[in-house]
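Notes to accompany the following structure.
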Amino acid sequence: MIRTRYAPSPTGFMHVGNLRTALYAYLIAKHGNGKFLLRIEDTDSKRYVEGALEAIYHSLILAGLTYDEGPDKDGGFGPYVQSQRLPIYKRYAEELVAKGEAYYCFCQKEDHVNEEEEEEEVPFVPERNICRLLSPQEAQARLADGEPAVIRQRIPDTGMTTYHDHILGDISFENALLDEQVLLKSDGYPTYNFANVIDDHLMQITHVVRGQEYISSTPKYSLLYQAFGWQSPVLVHCPLIVNEDGTKMSKRKGAPTLEQMVEMGFLPAAIVNYVSLLGWNPGTTQEIFTLEELVQVFNVDRINKSPAGFSMEKLTWMNGEHIRRLSPEAFHELALSWYPDSLKKLKFDLEKISRLIQVRTERLSDIRTMIGFLAELPEYEPSVFVNDKSKSTLESSRKILQKTIPLLEALEPWTNEAIFTCLKTFAIENGFKVGTVMWPIRTACSGLEATPGGATELADLLGKEETLKRLRLGLAKLQ
RNA sequence: GCCCCCAUCGUCUAGUGGCCCAGGACGCGGCCCUCUCAAGGCCAAAACCGGGAUUCGAAUUCCCGUGGGGGCACCA
């Protein structure tokens, strides 16, 4: 039974990197009919961020990554919140001490003053402090005195530690260069480095999915697994997601969160789709996938090694693809909340508008600007009436408006078809290209060089009265 | 500074020794379609980091450079 987990810490929101890690974990589990679990890694109370937990739940729902086990869904491996598992970590840490694989350390916490650039480059020396030499009796005595202590992992002085990563292969480190990291802090909380090993084992996680930034701490985890005599899960270190210029994508450098991207007008399904292809490919030329399809075709073996650059442009295109694949009804429902109130107040046929703009919408946020002219005709210069391609000039436009306004005044019923037939007939009878006739109508209706929908569609949308009003106004500009 | 990872069009990528004078996608340019703009269709430009080695043959294997990235906390 495959079991994977998404293990965020409640210190921030879900940005694209986290999302992809969660997605891959989800896909690995679901592709193999396994279980996907959510575990909260809140082992650093100082870094807790208000609202982060809610954001995590909300983001998972948005993305459609439903977990089988989690804080609110017990699957028999709980609790799924690390701060509620403190006694467990303590017990295992002490077991390690008893085995000689860890030791009590009474050294004072070093102040990690994050000096700026000025700090000269002092070569890093792995942690090998004197406490590792303390005899168990001495340690116990000092403990009994109430001296504060942490538990550190004991690392062999010699030898190499090699682990196997499923996509990177074997990776080796010299033990002497590994630091004897803290397992249990003086406040009784475990460090992430310890808790993740304990929990992954206890929760029977089969595949650990995480970013490549963990590559260099993984040998220490391997040593921990060995110390306990446990089998290591399959390790899957995903390539980093970077900015297009190759620099690391971090929250500092504007990595958007899932929720922010949704606010920007992206569909969660498109974001998930796009992110799935950052460091993975299906081996076919298909690029547009639903979550369900991804579950079908996902294969860990096809995850890449090299970092992937996040491209807003391609995401935008993909979002457009997803929008176009929506049923008109589904699109309309989504579009509704993006229509400005000014438009809703007027009696526009919003469904008709939706049908017109669906194919032209790349982001839902485009909607506002695309249809603003409907509620209010923008200011425009007569020069908009001039267009080479449709052979429109100021004179032709004036002439056409003059002659078509009466025709349209008399037109009944006011439908797209009727308006189109009327104008096309006019064009043929007067020796105009259809485009030449349509251009001034469309222009007068919108004041714009480009609009979602053609002349007759706009006229239909605006209604007879408003259309004629705008047509006359356009004519006035030309006289 | 030390350790580790990575390296194909601007970007995402295919490619696991001959099918590759390197394929697809985004973006860019052009054409077609067309009641404007989109969408759609067609076409074009655009890459194997460098040097050695192995081999009849290397984008694909191995070394060495170079470049980029990551890590080095009582953070995750």
Do [X] and [N] share a donor-acceptor pair, side chain to base, under 3.5 Å?
X      : N     : value
A:K305 : B:A7  : no
A:S311 : B:C12 : no
A:R360 : B:C37 : yes

Touch check for [X], heavy atoms < 4.0 angstrom, all strands: base, sugar-phosphate only, or nothing?
X      : value
A:T443 : nothing
A:T451 : base
A:V150 : base
A:G279 : sugar-phosphate
A:L315 : nothing
A:N387 : nothing
A:T284 : nothing
A:R302 : sugar-phosphate
A:Y189 : nothing
A:Y274 : nothing

Ignoring backbone atoms, test whether [X] places a side-chain nitrogen or oxygen under 4.0 Å from the OP1 or OP2 oxygen of [N].
X      : N     : answer
A:S306 : B:G68 : no
A:K389 : B:U34 : no
A:N304 : B:A14 : yes
A:N281 : B:U13 : no
A:R152 : B:C74 : yes
A:K185 : B:A76 : yes

Salt bridge or not for [X] and [Y], using N-O below 4.0 Å?
X      : Y      : value
A:R142 : A:E147 : yes
A:R39  : A:D200 : yes
A:K403 : A:E429 : no
A:R324 : A:E321 : yes
A:D199 : A:R5   : no

Opposite nucleotide pairing with [N], Watson-Crick or G-U, both atom distances under 3.5 Å:
N     : value
B:U16 : none
B:U34 : none
B:C26 : B:G10
B:C49 : B:G65
B:A39 : none
B:C72 : B:G1

Between [N] and [M], how many Å separate the two [atom1] atoms, rounded to a whole number?
N     : M     : atom1 : result
B:A45 : B:C4  : C1'   : 39 Å
B:G24 : B:U36 : C1'   : 32 Å
B:U8  : B:C3  : C1'   : 28 Å
B:G50 : B:U66 : C1'   : 7 Å
B:A59 : B:C49 : C1'   : 12 Å
B:G71 : B:G52 : P     : 36 Å
B:U60 : B:G70 : C1'   : 26 Å
B:G1  : B:U54 : C1'   : 36 Å

Can you confirm whether the side chains of A:Y221 and A:S232 place a donor and an acceptor under 3.5 Å from each other?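 No, no side-chain donor-acceptor contact under 3.5 Å.
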Compare the minimum distances between each of [options] and the side chain of [X], then state the nucleotide with the smallest one.
X      : options             : answer
A:F420 : B:C74, B:A25, B:C35 : B:C35
A:E321 : B:U36, B:G40, B:C75 : B:G40
A:I215 : B:C3, B:C4, B:G70   : B:C4
A:F173 : B:C5, B:C3, B:A38   : B:C3

Rounded to the nearest angstrom, tell me the gap between atom NZ in A:K433 and atom C1' in B:U36.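 Distance, rounded to whole Å: 12 Å.
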In whole Å, I'd like the distance from the CZ atom of A:F194 to the C1' atom of B:A76.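 To the nearest whole Å, that distance equals 16 Å.
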Find which nucleotide of RNA chain B each of A:E313 and A:A455 is nearest to by heavy atoms, and output the residue with the more 5' nucleotide.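 Looking at the nearest nucleotide for each, A:E313 comes out on the 5' side.
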On RNA chain B, nearest-nucleotide positions of A:S390 versus A:T191: which is more 5'?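 Nearest-nucleotide comparison on RNA chain B picks A:S390.
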Please confirm whether the backbone N or O of A:Y189 pairs with a side-chain atom of A:D187, one donor and one acceptor, at under 3.5 Å?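 Answer holds: yes.
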Axial cation check for A:Y89 ring with A:K185, 6.0 Å and 45° limits: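 Relative to the ring axis of A:Y89, which defines the angle, A:K185 lies outside at least one limit.
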So A:V16 and A:L278, do their side chains get closer than 4.5 Å, heavy atoms only?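 Sidechains of A:V16 and A:L278: no contact.
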